[in-house]
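These notes concern the structure reproduced below.
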Amino acid sequence: MPLDPNHELSSESITLLQEAFAVSGGETEVEEDLLVRFACGGLDGPSERSLISVLVQAPLARKRLGEILSELEVVQHLPASEAAASPLWTSVAKLVSEGLTSLAAGVAGATRALAHVHQTSSFAAVRGGEFEAEIDREGTLRVHAHGDGELYLADPAGEGIALGTPESGVLKIEGFTAMSGLRAGLLPGNYFQSAPVDSPSHVFLEAMDQTVAVVLREQPTVRGESLSISLGALPALTPPQGTLTIAVPVGNTEVVLARVPMAPWPPEGRRFEIPVPKVAVAAILTASILQFRIHR
Amino acid sequence: MSQRDLERWVGPDPTLSSEAFERLSEKARPVISAFLNRYPCSHEEREDIIADTLLKVANARSRFRPEGEAAWRQYLRSVALNCLRDEFRKRPGAREVPLDNLGEIPFEDRPYIDALLEHAEDRRRLYAEADACWLGQSDEEGDRRLLAAQLHGDGIPAETIARLLGASSLDDALTDPVVVRRFAFHRLYFSNDRLSCHVLGIEAKSLNATAERANRGTDLPPPEGWTWSEVQVVLLRVRNGLLTKQIDRFTRHGLSTNEVLTVIERSLTLYPMAGEAQRLCVELPNTAPLAKDALWKRLAFQYYCADRLPQLQIHERTSPAAEVLGYRLTEPVIAGWISVGRLFTALAAHVEQRRCL
């Protein structure tokens, strides 16, 4: 028999029901890790649906989610060294390492030194694993190298502007003005350490026996679960041999996104569409740095 | 479920009886705790009363007769009331505190109570039913749209929302009447704890500590702009939902009735609901679904049921926002909704109807 919506309850029944449904304590707590995973698009369908149904009822958790999303936006635009110091990055990097394990054919063992330009007014400094470089207000570049091998510098166009052994650990170059986009690397024997600096308008292709630069035609973008990268022509002296490895740095190591043969490399350049697990999408955007390497 | 455990508890098998009482105790703790919410107990006192109650109930096994969920809960409450009286007598400078006796649960009320108590162990399910009853039926996609609207309201960029929840979620959300009502409900609903934090200007995580300090006294500074006495009054009014005469009766704040009223008036000026309603007018392209009684019944139910607010306080928390959104909500209207448990019976009928479908 249907219940009568106009039935009148006794006051004691009402009180009992009020007590039965009274909410004591705070709202449902949502784990930070779960929020980060959601913000990075790394939850599977059932977990995502379950979290959404909690989030709509949990203003505090939603507030924290908003903070995480904002942090992701900020970290995305930080130099990688600063991004790597972010607590959020630790969570994201963990997600990437978990999410990409199955995809990665292997993780390169070499520890990589990242170089970044920190520019303040007319002063800039390049810092890497084994070298530091600074440009003073008069435009003199001083490079302090702490390792063996030759120092390589390149301008924003990717053209090498200096290659030599620092004397007494310092390489001085007069009249240097192109600070933004400066690239630097140390060649210990035949291994070159490099990284994009500032904007990723150019990338180095790193080889065991030589270093070349090609133009990255546009900002790498992620559409859906595909990473799109467009590289320009290879420099004339770089034959299309070996394998191009594209990787994303994760903490002190990296995760390989793709390995593709260098040949053929048409004169107009090549576009790569690399499938990326959803979990890694935000991490790649956040990383704002990708590693390119050629193995002969 | 509880009825079966009640029968096992009083049954002849000692193992089954012991296991059943363990389960019953676990479920009884929040029942007793909710009963004690109306009384000014410290955390320690509350724990003591719950433990004493369960001990007395366990000792009364031979005299107990299982007669259903409603009777069991009523029994727990009556034992807890006696323990509460004992606890109050232990207080320094104790005087006899008048605590009303509990009444009976009429037999004809039981189907309604049973229909709703089915949800008592999962409040999210109960409130989902209340949403469906008054705001409109929703589903997973509805939740997705609602979250999109909420993140939009929190200032998250549309492209970020699209990346998280799908491109169409936000556009669809802002024009869906069910989502609009649910969005407005979550925006306008301020639980006792949330509103207390807002009025006192403190973080949610420090609310319990603040309440403890206000109750017991402390050398630490009170929340900015308040004295500890005022904090105590605010918490009793906003967090515990007490009436002015109850605040006078139970507290040691040392304020006169007029001073208490001044604190309450000041608290009311800090209520954020009208401002939130104005934000809704800016954020939503169409607020027409909010100018009908459904949203306000849902809010009244939540305040009445979850926060156990008296009619006056329900009115204080709803009418300023209703006015902004074009709905006239008076105290008599609210009285008509909540008197003789009409919101409960409406929801019970809705739940029963859905169960039969």
Side-chain angles (χ1 to χ4, degrees), chain A residues 1-29 38-43 45-46 48-70 72-73 76 222-224 278 281-282 285, chain B residues 30-31 33-35 37 70 73-74 77 102-106 108-113 115-117 119-120 123-124 126-127 140 143-144 146-147 150-151 154-157 160 163-165 182 186 191 193-194 204 207 304-308 339-342 344-346 348-350 352-353 356:
Chain A
M1 195 174 114
L3 297 179
D4 175 11
N6 294 315
H7 174 78
E8 296 186 358
L9 294 175
S10 75
S11 61
E12 198 59 39
S13 299
I14 292 168
T15 307
L16 188 145
L17 282 170
Q18 276 188 313
E19 283 168 10
F21 300 130
V23 175
S24 59
E27 65 180 44
T28 308
E29 289 195 5
F38 181 56
C40 294
L43 285 180
E48 186 184 80
R49 284 194 292 278
S50 168
L51 179 64
I52 288 174
S53 74
V54 172
L55 277 177
V56 297
Q57 311 275 351
L60 289 179
R62 216 163 47 239
K63 185 180 169 204
R64 181 62 194 132
L65 172 64
E67 288 166 356
I68 289 170
L69 288 168
S70 301
L72 275 175
E73 293 293 321
Q76 189 170 262
V222 178
R223 292 187 185 85
K278 204 176 174 186
V281 169
L285 293 172
Chain B
V31 173
S33 184
F35 170 69
N37 268 347
R73 284 173 182 256
Q74 188 67 347
R77 293 163 83 235
L102 301 178
E104 290 297 315
I105 303 293
E108 58 272 22
D109 287 357
R110 291 191 179 182
Y112 296 84
I113 296 175
L116 292 174
L117 285 183
H119 297 288
R123 293 192 185 98
R124 275 179 55 200
L126 170 84
Y127 294 126
E140 287 168 7
D143 277 350
R144 186 173 288 272
L146 175 57
L147 183 59
Q150 289 172 325
L151 293 176
D154 293 341
I156 304 297
T160 305
R163 177 174 69 75
L164 268 186
L165 298 165
R182 293 180 75 202
H186 288 290
S191 68
D193 281 5
R194 188 178 169 207
L207 181 61
Y304 186 56
C305 179
D307 299 291
R308 302 185 62 193
S339 65
V340 294
R342 284 216 171 85
F344 281 127
T345 52
H350 165 85
E352 194 63 11
Q353 191 180 24
C356 294

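Chain letters run A, B, ... following the sequence lines, proteins first, then strands; residues in each count from 1. Predicted model, so just to flag it, every value in this text is computed and none were measured.
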Task: Top of A/Val56, A/Ile14, A/Ile52 for chain B proximity - count of heavy-atom pairs under 4.5 angstrom - done: A/Val56
Open item on the list: Taking every non-hydrogen pair under 4.5 Å, which of A/Glu12, A/Glu8, A/Lys63 racks up the most with chain B?
Closed with: A/Glu12
Open item on the list: With a 6.0 Å cut-off (strictly less than), is the heavy-atom count around CD of B/Gln353, excluding the residue itself, greater than 12?
Closed with: no
Open item on the list: Can you confirm whether B/Leu147 sits close enough to B/Leu164 that some side-chain heavy atom of one is under 4.5 Å from a side-chain heavy atom of the other?
Closed with: no
Task: 4.5 Å side-chain heavy-atom contact, B/Arg308 and A/Thr15 - done: yes
[X], part contacting chain A, at a heavy-atom distance under 4.5 Å:
X: B/Asp154; result: side chain
X: B/Ala348; result: both
X: B/Arg342; result: both
X: B/Leu165; result: side chain

Task: Residue, of B/Phe344, B/Tyr112, B/Phe35, that accumulates the most heavy atom pairs under 4.5 Å with chain A - done: B/Tyr112
Open item on the list: Below 4.5 Å, heavy-atom pairs only: which of B/Pro106, B/Ser339, B/Gly155, B/Ser191 has the largest tally toward chain A?
Closed with: B/Pro106
Open item on the list: Can a donor-acceptor pair be found, under 3.5 Å and without considering hydrogens, that links the side chain of B/Arg194 to the backbone of B/Ala204?
Closed with: no
Open item on the list: For A/Gly66, is there any backbone N or O sitting under 3.5 Å from a side-chain donor or acceptor partner on A/Ser70?
Closed with: yes
Task: Pairwise distance CD1(B/Ile105) to CZ(B/Arg77) - rounded to 0.5 angstrom - done: 6.5 Å
Open item on the list: Would you compute the distance between atom CG of B/Asp143 and atom CD of A/Glu48 and round it to the nearest 0.5 angstrom?
Closed with: 11.5 Å
Open item on the list: Is A/Ser11 in contact with chain B via its backbone, its side chain, both, or neither, using a 4.5 Å heavy-atom distance?
Closed with: neither
